[in-house]
Amino acid sequence: MPSAGEAIDWQRVAEDFEVNRHLLWLNSCGIAPMPSPVREAVSAHLIDYGRKVILGVTSDADLLSRIRHHLAPLIGAPPAHVAPIHHTTEGMTFVSLGLDLAAGDQLVLMDNEYPSNVYPWQHWTHKGVKLVTLDDGPTPSHVLDSARRLLTPQTKLLTVSAVHWCTGMPLPLAELGALCKARGVMFVVDGAQGVGHVPIDVVEQNIDVLAFSAWKWLLGPLGLGALYMSPHALQTLAFPFKGTGSVVNDHQYFPYRDDIKPGADRYVVSTQSFTDWVHFDASLAYLAKLGFENVRQRVAELSTHLTHGLRGLKFEVAADAFAPASSSIAVVRHPKIDAQAMVEALTQQNIVAAERKGWLRMAPHIHLTEARIDQALKALAQIVGG
């Protein structure tokens with residue numbers, strides 16, 4: 001990690017990303033690009049695997065320890081309470097299947113939520129459990145007020161995203177966590193758009209469960225994520241099923257046993273994808289070398305540069321409605337042309353963005369520079385006739 005006061009050569013960092021020679025990638029909150037040092041680490045792993053099979057692979061215990069070493073301080077968690085899983089949906093499903101609910105109980109979900117934090121809860125409606133929808137804006141205060149109204153003695157769980165995937169609005173996690181704690185409600189957070197992007201502290205924010213993907217702000221592999229389980233969650237949630245990896249001393253196959261691992265690694269239920277773990281370990285090490293906070297600040301600088309240019313082109317900026325809260329996801333629209341048409345026009349120029357609910361969504365990461373963002377702004381100026 002750079003020492004205090006040491007400047008980072010972000011132009012040099014951008015050169016680590018081969019994507020810049022092919023695309024202008026502005027969709028890192030969807031899928032982030034891979035830096036060359038991470039690709040090289042994965043390639044070295046595959047070469048060793050080809051030569052020596054499993055004998056050429058770093059042990060799963062070492063990989064788990066290294067991944068936890070990076071993730072735990074990033075989210076303010078004890079290492080034993082963090083484990084890699086496949087994705088956010090899997091984490092939410094673990095929670096949903098571990099709940100003990102009865103007809104008349106209530107779960108509170110956020111409106112316009114990503115399906116990963118909706119589908120895992122829907123099976124409860126067939127058992128008489130009510131799913132209630134929390135307002136998703138237009139400001140964090142509106143969300144908090146909605147939660148105050150909706151949480152009742154029947155509410156057993158509130159689940160929200162750290163950052164809304166359509167608007168880029170950060171949720172008031174500390175206030176929601178305090179409200180849940182005061183009312184005895186389990187607080188579950190989808191951190192896919194949040195971890196590595198906005199500050200998250202699971203202890204200070206009273207988060208019981210945090211599930212998130214690796215392939216967005218953390219530059220990790222598709223099909224891998226992570227799960228945080230608080231001591232309270234580990235104690236109160238039933239364990240929905242056990243696999244080979246769920247029990248203590250899991251490399252000892254006989255005798256069969258019921259002693260489940262005490263930490264979050266019980267949810268690594270069977271043989272993991274070593275290649276994905278190597279990829280994630282390398283991406284976390286790459287970010288840690290730069291400093292996670294330095295990365296967050298750099299992404300915010302790039303997003304500010306982008307948003308300033310968009311305002312100059314007469315774009316409406318979604319973040320203006322929820323200021324002073326902010327994130328690095330730029331969500332905008334223009335009166336002259338619809339968002340999907342802009343996405344298609346940008347694609348023709350090898351610029352990648354996304355459309356969400358009628359808005360154009362763009363998310364820079366450290367692979368970009370101000371000069372590259374200016375190229376995108378120039379393209380948008382031509383598209384809207386500015």
To the nearest 0.5 Å, atom CZ of Arg149 lies from atom CG of Leu144 at 10.0 Å

Any ring pair (Phe, Tyr, Trp, His ring centres under 6.0 Å) involving residues 189-219? Give me the pairs, sequence neighbours left out, ordered by first then second residue. His197-Trp217, Trp217-His365

Atom SG in Cys180, atom CD in Gln205: separation rounded to 0.5 Å? 12.0 Å

Which residue is it: Thr89, Asp190, Thr159? I am looking for the one with a side-chain hydrogen bond (donor to acceptor under 3.5 Å, both in side chains) to Asn117. Thr159

Looking at Gln106 and Thr155, what are the two nearest heavy atoms and their distance? NE2-OG1, 2.6 Å

Do Asp135 and His142 meet the criterion of a side-chain donor-acceptor pair at a distance under 3.5 Å? no

How are the rings of His367 and Phe17 set relative to one another: parallel (under 30°), tilted (30 to 60°) or perpendicular (over 60°)? tilted

Kindly say whether Ala174 contributes a backbone atom to a donor-acceptor pair with the side chain of Glu204 at under 3.5 angstrom? no

Sub-3.5 Å donor-acceptor pair from the side chain of Asp105 to the main-chain atoms of Ala102, do we have one? yes

Between NE2 on residue His232 and CG on residue Asp208, distance to nearest 0.5 Å: 5.0 Å

Are Val268 and Leu237 connected, step by step, through hydrophobic side chains (Ile, Leu, Val, Met, Phe, Trp, Tyr) whose heavy atoms are closer than 4.5 Å? no

Same cluster or not: are Leu107 and Val188 linked, directly or through other Ile, Leu, Val, Met, Phe, Trp or Tyr residues, by side-chain heavy atoms under 4.5 angstrom apart? yes

Taking atom CG of Asp100 as the centre, report whether more than 12 heavy atoms of other residues, nucleotides or ligands fall under 6.0 Å from it. no

State yes or no: do Leu176 and Leu157 share one hydrophobic cluster built from I, L, V, M, F, W and Y residues joined by side-chain heavy-atom distances below 4.5 Å, directly or via other members? no

Polar side-chain atom of Arg68 near backbone of Val82 as donor-acceptor pair, under 3.5 Å: yes

May I ask you to establish whether Lys357 and Trp359 are in a cation-pi arrangement, using a distance under 6.0 Å from NZ or CZ to the six-membered ring centre and at most 45° from the ring axis? no

N/O donor-acceptor pair under 3.5 Å between Ser303 side chain and Val299 backbone: no

Would the distance check show the side chain of Trp165 and the main-chain N or O of Arg356 forming a donor-acceptor pair, the cut-off being under 3.5 Å? no

Evaluate the side-chain contact (heavy atoms from CB on, under 4.5 Å) criterion for residues Leu64 and Trp277: first the C-alpha distance (whole Å), next the side-chain angles of each, then the deciding distance (0.1 Å), finally the verdict. CA-CA 8 Å; Leu64 176 62; Trp277 280 28; 3.9 Å; yes

Donor-acceptor check, side chain of Arg266 to backbone of Ile260, threshold 3.5 angstrom: yes or no? no

According to the interplanar angle, ranging from 0 to 90°, do the rings of Phe94 and Tyr267 count as parallel (below 30°), tilted (30 to 60°) or perpendicular (above 60°)? tilted

Applying a strict under-4.5 Å side-chain criterion to I, L, V, M, F, W and Y, I'd like to know whether Tyr228 and Ile85 cluster together. no

For atom NE2 of His86, decide whether the heavy atoms of other residues, nucleotides or ligands shown that lie under 6.0 angstrom number more than 12. no

